[in-house]
Amino acid sequence: MRYSQYFLPTTKETPADAEVISHKLMLRTGMIRKVAAGIYNYMPFGLRAIRKVEQIVREEMNRAGAIELLMPMVTPAELWVESGRWEQYGKELLRFKDRKEGDFCLGPTHEEVITDIVRREVRSYRQVPVNLYQIQTKFRDEIRPRFGLMRGREFIMKDAYSFDVDDAGADAAYEKMYQAYRRIFERCGLRFRAVEADTGNIGGSSSHEFMVLAESGEDAIVSCDSCEYAANVEKAEIRVAETGAPAPAAALQEVATPGQKSIDEVAAFLKVDPRQTVKTLIVTTDTGEQVAVLLRGDHELNEIKLCRYLGCNHLELASDDTVQKATGAPSGYAGPVGLKLRILADLAVKSMSDFVVGANRADTHLAGASHGRDFSVEAFADLRQAEHGDPCPRCDGRLEIWRGIEVGHIFKLGTKYSEALGAKVQDESGKERTLVMGCYGIGVGRTVAAAIEQNNDANGIIWPMPIAPFQVLITMLNPKEEAVRDAAEELYRALLEKGCDVLLDDRDERPGSKFKDADLIGIPLRVTVGARGLQDGAFELQARAGGEREMVPVDKTVEVLTARIAAALGT
RNA sequence: CGGGGAGUAGCGCAGCCUGGUAGCGCACCUGCCUUGGGAGCAGGGGGUCGCAGGUUCAAAUCCUGUCUCCCCGACCA
């Protein structure tokens, strides 16, 4: 591609609405342009990177035996009603009517549609296992789209669905996808972790997320410093030594805490360690019930764990009004003593006694409280968020906390959708069996964003070779000098012939502009063609990632470049 | 959905408080000049100031409504 003929609108300045580095760089390099909140144009340069990722995904999915197809983006309500998700999904599902008043939605994921295909076409156990995938535009009407392609409403996703006769088959399909995903993200040049994850509203029994490690990540993950355990904090288990609480030593006693609401304020005011306090959170479940949850003062509630324990889909912290009604005190002073609600407590509270709690009265707390004596707890359970330094649930190691960008997620679905939609086959004995499913997603645009997030410097992007929009950039310094022009053109032609993705900067610009753009767009290999080098019969070669500038003889350049590319692609 | 902020030329911004019909830098166009790290000089094009209504002789500026975008947020008990 000739730069002078290409569509690559780079900017010196960053648009004011970009926050994270990948978003800024995608705007500055003209990879994307916003059309509406969370909805983007993929400009030519950005599309090239997306296509590279798609191609890697395709190759690895095919290698793992999956088969590509394409489903519609617009899907009829009937299928969603059958699975129960027309009611369940909420506002993220963008619904609309066609001219005949029929209900439709834009597909946020395709379990229903794929299961419909399989139940129509697959009758016999001999037709499975089968794993079908597509790479397609999805739409989820996110509450808060942000960070460019990292959380868009419209985005490109690879989604695969496996069907097996039994759990053993489904487990094998899952394992295959796990390995395929590892290969995909390794090939994309990403530093990532596969972590145990919550299954969320997709459903199913177990799942892993593939997390690209980056400070700007929206998710927190834990990993053990000495074993392989890694999990999303939403899911991370906490191992608690089963020590009983010491016998209460102090008497329950009211203390005045005027204006002191938060744990930090109360602990500082009373001069006690926050670890010697217990906070009482009032939550409202999706059935409208209020439940009190006790946590050690310095711990944080994990809503997902609580949700799972209570068997509800959603819960929220009670509003100030609700807290006032339930406890008789403004929020900040709730406590378990005399409270007429279900009381659950985190395991850490079990081994505590003589702690500080709210008194259910404004400006008042209780010191010397102990469970069993002053109030009773319905159940103790693992309800808190894992923290840095917590003991690993699998070994004697400690947990570390990282931030990550979720680029892939694989689920064992079980029979949730096949049961609801009736996807069954006959087995060898003629008996009907409900198919066991798995589903496997990769955010393609998000993978590109994550790659930029991990590979950049103050001057711009530093593309990993496998997903770089171009592999080589030839910077022709002064196109008006015939020798320079001819040499650069000749190299360009030779590289094209070798099948390289090469961009020739043949613009009549000053060198400074060309070098700045070269740094910004981050093509991995840069060849500078100038009169200075040509005097010695050489081109100047430099990797965007850094390292020495080297002079390469003109007639060796193609050879050197193709070798470097092959090495970087691992081919 | 709640809280905060912002909409003025393609991008980044000033002007608004104290009304008088719009400006700066970059980008763009023309010419000269220049070619190893975003050059210089000269000339030029481009904006119904998000939209609607109101106040006023007069509105980017004051008032009301509305739309859009960005940031923060269930972590407080």
**Request:** Verify whether one side chain among Ser376(A) and His371(A) offers a donor that lies under 3.5 Å from an acceptor in the other.
**Result:** no

**Item:** Spacing of Leu27(A) atom CG relative to rG10(B) atom P, expressed in whole Å
**Value:** 17 Å

**Asked** Looking across every strand, which nucleic acid part, if any, lies under 4.0 Å from Ser262(A) by heavy atom: base, sugar-phosphate, or nothing?
**Response** sugar-phosphate

**Prompt:** Under the side-chain contact (heavy atoms from CB on, under 4.5 Å) test, which residues partner Phe147(A), sequence neighbours left out?
**Reply:** Glu19(A), Val20(A), Met150(A), Glu218(A)

Please write out each protein N/O paired with an N/O of nucleotides 72-74 of chain B under 3.5 Å, distance rounded to 0.1 Å.
unit_1	atom_1	unit_2	atom_2	d
rC72(B)	OP2	Arg144(A)	NH1	3.1
rC72(B)	OP2	Arg144(A)	NH2	2.5
rC72(B)	OP2	Arg146(A)	NH1	3.3

**Message:** Checking base pairs now: Watson-Crick or wobble, both atom distances under 3.5 Å. What partners rC24(B)?
**Reply:** rG12(B)

**Asked** What integer number of Å spans the C1' atoms of rG47(B) and rC11(B)?
**Response** 14 Å

**Prompt:** What does Thr14(A) touch in the nucleic acid at a heavy-atom separation under 4.0 angstrom: a base, only the sugar-phosphate, or nothing?
**Reply:** sugar-phosphate

**Message:** To the closest 0.5 Å, what do you measure between CZ (Arg95(A)) and NZ (Lys97(A))?
**Reply:** 11.0 Å

**Request:** Between rG38(B) and rA52(B), how far apart are the P atoms? Round to whole Å, please.
**Result:** 45 Å

**Request:** Using heavy atoms to find the nearest nucleotide of RNA chain B for Gly38(A) and Leu281(A) separately, return the residue whose nucleotide is more 5′.
**Result:** Gly38(A)

**Request:** For each nucleotide in nucleotides 26-37 of chain B, reading 5' to 3', give B when a protein heavy atom comes within less than 4.0 Å of its base, S when such contact involves only the sugar-phosphate, and - otherwise.
**Result:** S-------BBBB

**Prompt:** Any idea which heavy atoms bring Leu295(A) and Leu301(A) closest together, and the distance?
**Reply:** CD1-N, 3.3 Å

**Separation between the C1' atoms of rU64(B) and rU18(B), rounded to whole Å** = 22 Å

**Prompt:** Do Tyr333(A) and Asp363(A) meet the criterion of a side-chain donor-acceptor pair at a distance under 3.5 Å?
**Reply:** yes

**Asked** Arg342(A) versus Leu310(A): any side-chain heavy-atom pair under 4.5 Å?
**Response** yes

**Phosphate-side-chain proximity, Lys91(A) and rC1(B), N/O vs OP1/OP2 below 4.0 Å** = no

**Request:** Give one of base, sugar-phosphate or nothing for Arg384(A), where a contact means two heavy atoms less than 4.0 Å apart.
**Result:** nothing

**Request:** Could you give the distance separating rG25(B) and rG31(B) at their C1' atoms, to the nearest angstrom?
**Result:** 23 Å

**Message:** Tell me which one of Val357(A), Thr257(A), Val255(A), Asp374(A) satisfies side-chain contact (heavy atoms from CB on, under 4.5 Å) with Leu366(A).
**Reply:** Val357(A)

**Message:** If I pick the P atom on rU61(B) and the same atom on rG2(B), what distance separates them, to the nearest angstrom?
**Reply:** 27 Å

**Message:** Whole angstroms only, please: what is the NZ-C1' distance between Lys34(A) and rC71(B)?
**Reply:** 12 Å

**Message:** Under a 3.5 Å cut-off for both contacts, is rG7(B) paired Watson-Crick or G-U wobble with anything, and if yes, with which nucleotide?
**Reply:** rC67(B)

**Asked** If pairing requires Watson-Crick or G-U wobble contacts with both distances under 3.5 Å, which nucleotide is the partner of rG73(B)?
**Response** rC1(B)

**Prompt:** Atom CG of Asp17(A) and atom P of rC13(B): how far apart are they, to the nearest Å?
**Reply:** 10 Å

**Asked** Of the nucleotides rC69(B), rC13(B), rA77(B), which one has an atom closest to the side chain of Ala16(A)?
**Response** rC13(B)

**Asked** Between rA77(B) atom P and Leu383(A) atom CG, what is the distance in whole Å?
**Response** 17 Å

**Request:** Could you tell me whether Ile143(A) atom CD1 has more than 12 heavy atoms of other residues or ligands within 6.0 Å of it?
**Result:** no

**Distance in angstrom units between Leu344(A) CG and rA77(B) C1', rounded** = 16 Å

**Spacing of the C1' atoms in rG19(B) and rC62(B) (rounded, Å)** = 8 Å

**Message:** Taking rC63(B) as the reference, what is the distance to rC28(B) when you measure between their P atoms (whole Å, please)?
**Reply:** 40 Å

**Fill in**
Tightest non-hydrogen contact, residues Asn302(A) and Glu234(A), listed as ND2-O, 3.1 Å

**Asked** Who is the Watson-Crick or G-U wobble partner of rG46(B), with both distances under 3.5 Å?
**Response** none

**Message:** Rounded to whole Å, how long is the line connecting atom CZ of Arg153(A) with atom C1' of rC69(B)?
**Reply:** 12 Å

**Pair Glu453(A), Ser216(A): side-chain N/O donor-acceptor within cut-off below 3.5 Å** = yes

**Nearest-angstrom distance from the residue atom NE2 of His23(A) to C1' of rC11(B)** = 14 Å

**Separation of the C1' atoms in rA60(B) and rC16(B), to the nearest angstrom** = 7 Å

**Prompt:** Between Arg2(A) and Asp505(A), is there a salt bridge with N-O shorter than 4.0 Å?
**Reply:** no

**Asked** Between rC71(B) atom P and Glu142(A) atom CD, what is the distance in whole Å?
**Response** 13 Å

